[in-house]
Protein chains: 2
Amino acid sequence: MGNKSTRDHIVESADQLFYQQGFEHTSFADIAGVVKISRGNFYYHFKSKDEILDAVINLRLTDTAKMLGLWDGMSETPADRIRSFINILVTNRAKIKQHGCPVGTLVNELARLDHAAKSNASKIFSLFRGWLSKQFLQMGCGGESDGLAMHLLARSQGVASLATAFQDEAFIYLEVKQMNDWLDKCIKAHPLPEIQAPQV
Amino acid sequence: MGNKSTRDHIVESADQLFYQQGFEHTSFADIAGVVKISRGNFYYHFKSKDEILDAVINLRLTDTAKMLGLWDGMSETPADRIRSFINILVTNRAKIKQHGCPVGTLVNELARLDHAAKSNASKIFSLFRGWLSKQFLQMGCGGESDGLAMHLLARSQGVASLATAFQDEAFIYLEVKQMNDWLDKCIKAHPLPEIQAPQV
DNA sequence: CTAAAAATAGGACAACCGTCCTACACGACG
DNA sequence: CGTCGTGTAGGACGGTTGTCCTATTTTTAG
């Protein structure tokens, strides 16, 4: 019951290693060392390394969807939900400083290798994009919503990238504050007519 | 005279390949195939792959410094010089869409591999950072200059990252326009007292 | 308890990696 | 002509990679 299957162990360990070391730089021996499994036994669970990658991507997809669902239930206003997104930069600042954004690094690595799973990996980005877009739409941003979602996604990626390059956590705090300020401006620019207080 | 040395050929080819395929994914055989040189002969010019990496980083450092110097001589106002920086996103949009930002991808790959040259590579970022900071300072942004430089650098990185992930050149144009608008606001927020037109 | 099935261990394999070594080509200079 | 230094070619080397195969153990089902 509480026992995770070996397969799940493999996928979770590969997930972490792919994040910390990259997909290509992670070998079967590395994963086997963590899971404490024989190298040969791998091919009982997965036919190839790419199959493990697919499983990892699917895990991240479901985990992400789960997290977004959680945020949906946690906050009342769409703006607060967007703030949940912005704040993962602060929450994961230590790991981001070391290894960058889990999503961005994987997608960009696969794009560079021209790997078959690259489009699959970018679906994780699409998940965030669609979710953010939905929140902006609920805020009343209309046709600009998708653009705003992409904008916020891009800024997050940029912050993660530079925090890694310069080994700078303080920069994350600085930019997160700016993003929150930017969001405040968005709110003021789009007063929600349907939620306005009823006129006496 | 016009003849490039074999060593230069190697460095330039490695530079391109490192950009297109990544450092780790580029083998000696790959470089040898482009330069049309024997694999063994490599070690007459470089003692190790890391030495080639150092040479590539140094090449990029000097090339970048050269470009920044060119921009210094090209534009009259610091704001125009910053616009030169912003516009490389548009100029290189096709390559960025395919392989991402040459600087960011290398720095992040080396950071992830925990490679010895990672700090060396991030000097390229520092070059841009210092140069941008100088421009903002000349614009009268004072103590905020470095923060503004980092902010612009981060946004560029984010745009490049998402343009690659989503294979979207149009997004580059969109964000470049926003960055230029943002710069306009910076100009208005910091009227240069010392360059104001002389009062009759 | 026994037989089938699921899971694991360990190693063989061909290919590739970065590294290194030795032999050869070639022009310069005496 | 011969010698020397520079540059090149080609292959050997030990190690690692992803993949695959075959025994052996462990678990399950009748």
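Below, chain A is the first sequence line, B the second, and so on; all start at residue 1. Only heavy atoms go into these numbers, but all of them, side chains included; no hydrogens, no water, no symmetry mates.
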Going 5' to 3' through nucleotides 3-19 of chain C and flagging B where a protein heavy-atom sits under 4.0 Å of the base, S where only the sugar-phosphate is that close, and - otherwise, we get ---SBBBBB-----SSB
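- Residues in residues 56-68 of chain A take part in these side-chain hydrogen bond (donor to acceptor under 3.5 Å, both in side chains) pairs, two or more places apart or across chains: A/D15-A/R60.
- The existence of a salt bridge linking B/K188 and B/D184 is excluded, since no basic side-chain nitrogen approaches an acidic carboxylate oxygen closer than 4.0 Å.
- Atom CZ of A/F46 is separated from atom P of D/dC20 by 15 Å (rounded to the nearest Å).
- Not a single donor-acceptor pair under 3.5 Å links the side chain of A/K118 to the backbone N or O of A/L113.
- For the pair A/D72 and A/K134, the salt-bridge criterion is met [side-chain N within less than 4.0 Å of a carboxylate O].
- Whole-Å rounding puts the A/E51 CD to D/dT19 C1' distance at 13 Å.
- Looking at residues two or more places apart in sequence or on another chain, you find no side-chain hydrogen bond (donor to acceptor under 3.5 Å, both in side chains) involving B/N41.
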